[in-house]
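Worksheet for the structure shown next.
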Amino acid sequence: MRFSVAQPIAATTERVEEALVDPRFYEALATMPNIGEPEVLECTARDSEVILRVRYAFTGDLAAPARRVLDPAKLTWVVESTVDRSTRTTAFRMLPDHYADRLVCGGSYTLVAGGADATIQQMEGNLRVNYPVVGRLAERGIVLGLKEHVAQEAHVIERWVAGERF
């Protein structure tokens, strides 16, 4: 399933990008619902490129049908990102720690100036859930959750850029 998100963020593109490549920023994401405290596994800067690897864990409630096929304790994944600071474009892929044969997700996003102190995070990607009968339904649910996550993360970025520390 192809997906796209255009998320406004009330901060300059420079400040948004600075937050997204700062390992300390990811501690602030623990304030968001449904994920635990992200764990930064790698943050390596080379020239205008930053490589990030961050582990996430789903801590929300799973519907009963989903619990029949998924163990909530195994809903952890690593997001590998390559940030090109010269173009403000990030390529990412989601690597499940478990169920890797059932889920494939990747894409990219670009930070685009949306006014004097505004940024639009333009994201596009592909998601595939390989599970008979319910795969397409699961894809729709995951994309909805991804869009909610991006919106919540935008609010955390805005607070971080304003100097709030969590």
Side-chain angles (χ1 to χ4, degrees), residues 1-7 9 11 16-45 49-63 65-84 88-111 119 121-131 134-135 137-161 164-166:
M1 165 181 271
R2 290 238 359 111
F3 63 88
S4 63
V5 180
Q7 178 61 52
I9 305 171
V16 171
E17 186 178 67
E18 287 170 11
L20 292 170
V21 298
D22 185 339
R24 295 170 299 171
F25 166 74
Y26 291 88
E27 296 170 13
L29 296 183
T31 63
M32 294 173 40
N34 300 325
I35 64 168
E37 184 173 335
E39 176 187 3
V40 177
L41 304 173
E42 178 183 1
C43 182
T44 306
E49 186 175 89
V50 178
I51 307 297
L52 279 165
R53 293 179 60 244
V54 181
R55 174 168 283 118
Y56 295 88
F58 180 75
T59 59
D61 292 322
L62 280 181
R67 285 194 309 269
R68 288 191 193 111
V69 294
L70 299 171
D71 177 353
K74 292 183 176 180
L75 293 179
T76 61
W77 63 95
V78 173
V79 174
E80 288 186 347
S81 302
T82 303
V83 181
D84 182 342
R88 291 201 167 81
T89 299
T90 299
F92 66 89
R93 63 187 186 141
M94 181 177 148
L95 304 169
D97 291 324
H98 309 277
Y99 310 116
D101 59 329
R102 297 182 193 170
L103 180 71
V104 178
C105 182
S108 66
Y109 64 84
T110 302
L111 302 176
T119 298
Q121 182 182 29
Q122 296 178 332
M123 179 182 295
E124 295 201 7
N126 285 300
L127 170 72
R128 188 174 69 242
V129 175
N130 299 313
Y131 206 83
V134 297
L137 182 62
E139 289 171 356
R140 286 192 293 273
I142 292 170
V143 167
L144 179 62
L146 173 72
K147 289 179 178 184
E148 290 172 1
H149 175 87
V150 170
Q152 292 164 354
E153 184 177 80
H155 293 299
V156 176
I157 291 170
E158 292 166 357
R159 291 167 49 203
W160 177 269
V161 166
E164 186 175 337
R165 293 302 177 254
F166 304 81

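The nearest pair of heavy atoms linking P23 to V40 is O-CG2, 3.8 Å. Taking both residues in full, the closest heavy atoms of D71 and Y99 are given as N-OH, 2.7 Å, listed atom of the first, atom of the second, then distance. Smallest separation of non-hydrogen atoms from S4 and E124: CB-CG, 4.0 Å. Taking all atoms of both residues into account, the shortest heavy-atom contact from L29 to P38 is CB-CG, 3.8 Å. Nearest heavy-atom pair, G36 versus T59, reported as atom, atom and distance to 0.1 Å: N-CG2, 3.5 Å.
For the pair V78/V54, no side-chain contact is recorded, criterion being any heavy-atom separation below 4.5 Å from C-beta on. Side-chain atoms of Q121 and V16, non-hydrogen and from C-beta on, never get closer than 4.5 Å to each other. The closest side-chain heavy-atom distance from V150 to M123 is below 4.5 Å. Taking 4.5 Å as the limit, some side-chain heavy atom of H149 sits within range of a side-chain heavy atom of I35.
Residues passing the salt bridge (Lys or Arg N to Asp or Glu O under 4.0 Å) test with E18 are R15, sequence neighbours excluded. Y26 meets the ring pair (Phe, Tyr, Trp, His ring centres under 6.0 Å) test with no other residue; sequence neighbours excluded. Residues passing the side-chain hydrogen bond (donor to acceptor under 3.5 Å, both in side chains) test with S108, sequence neighbours excluded: none. For the salt bridge (Lys or Arg N to Asp or Glu O under 4.0 Å) test, residues two or more places apart in sequence or in another chain that qualify with D97 are R55.
Between the OH atom in Y131 and the CG atom in L103 there is a gap of 13.5 Å [rounded to 0.5 Å]. Going from atom CG of L127 over to atom CZ of R140 covers 11.5 Å, rounded to the nearest 0.5 Å. If you take CZ on R88 and CD on Q122, they are separated by 13.5 Å, rounding to the nearest 0.5 Å. Note that the SG atom of C43 and the CZ atom of R53 stand 12.0 Å from one another [nearest 0.5 Å]. Summarising the geometry, atom CD1 belonging to I9 is positioned 6.5 Å from atom CG belonging to L111; distances are rounded to the nearest 0.5 Å. Within the model, atoms SG of C105 and CD1 of I142 stand 8.0 Å from one another, a figure rounded to the nearest 0.5 Å.
In summary, R128 and E139 do not engage in a salt bridge, as defined by a charged side-chain N under 4.0 Å from a carboxylate O.
A donor-acceptor pair shorter than 3.5 Å can be found between the side chains of T110 and T89.
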Verdict with reasoning, T76 to Y56, per side chain to side chain contact (heavy atoms under 4.5 Å, CB included): CA-CA 6 Å; T76 61; Y56 295 88; over 6 Å; no

Report the C-alpha separation of T82 and T90 in whole Å, then their side-chain angles, then the decisive distance to 0.1 Å, and conclude whether the side chain to side chain contact (heavy atoms under 4.5 Å, CB included) test is met. CA-CA 5 Å; T82 303; T90 299; over 6 Å; no

For side chain to side chain contact (heavy atoms under 4.5 Å, CB included), just list the numbers for W77 and H98, CA-CA rounded to whole Å, side-chain angles, deciding distance to a tenth of an Å, and then say yes or no. CA-CA 8 Å; W77 63 95; H98 309 277; over 6 Å; no

Before you tell me yes or no, could you show the steps for E49 and D84 under side chain to side chain contact (heavy atoms under 4.5 Å, CB included), namely the whole-Å CA-CA distance, both residues' side-chain angles and the distance that decides it to 0.1 Å? CA-CA 5 Å; E49 186 175 89; D84 182 342; 5.8 Å; no

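The backbone N or O of I51 sits nowhere less than 3.5 Å from a side-chain atom of T44 that would complete a donor-acceptor pair. Side-chain atoms of Y109 do not come within 3.5 Å of backbone N or O of V5 as any donor-acceptor pair.
The number of heavy atoms from other shown groups lying within 6.0 Å of CZ (R93) does not exceed 12.
Sorted by first then second residue, the salt bridge (charged side-chain N to carboxylate O under 4.0 Å, His left out) pairs that include residues 98-110, not counting sequence neighbours, number zero. Pairs of residues two or more places apart, or lying in two chains, that qualify as salt bridge (charged side-chain N to carboxylate O under 4.0 Å, His left out) and include a residue from residues 141-159 are R159-E164.
The aromatic rings of F3 and F92 are tilted relative to each other, their planes meeting at an angle between 30° and 60°.
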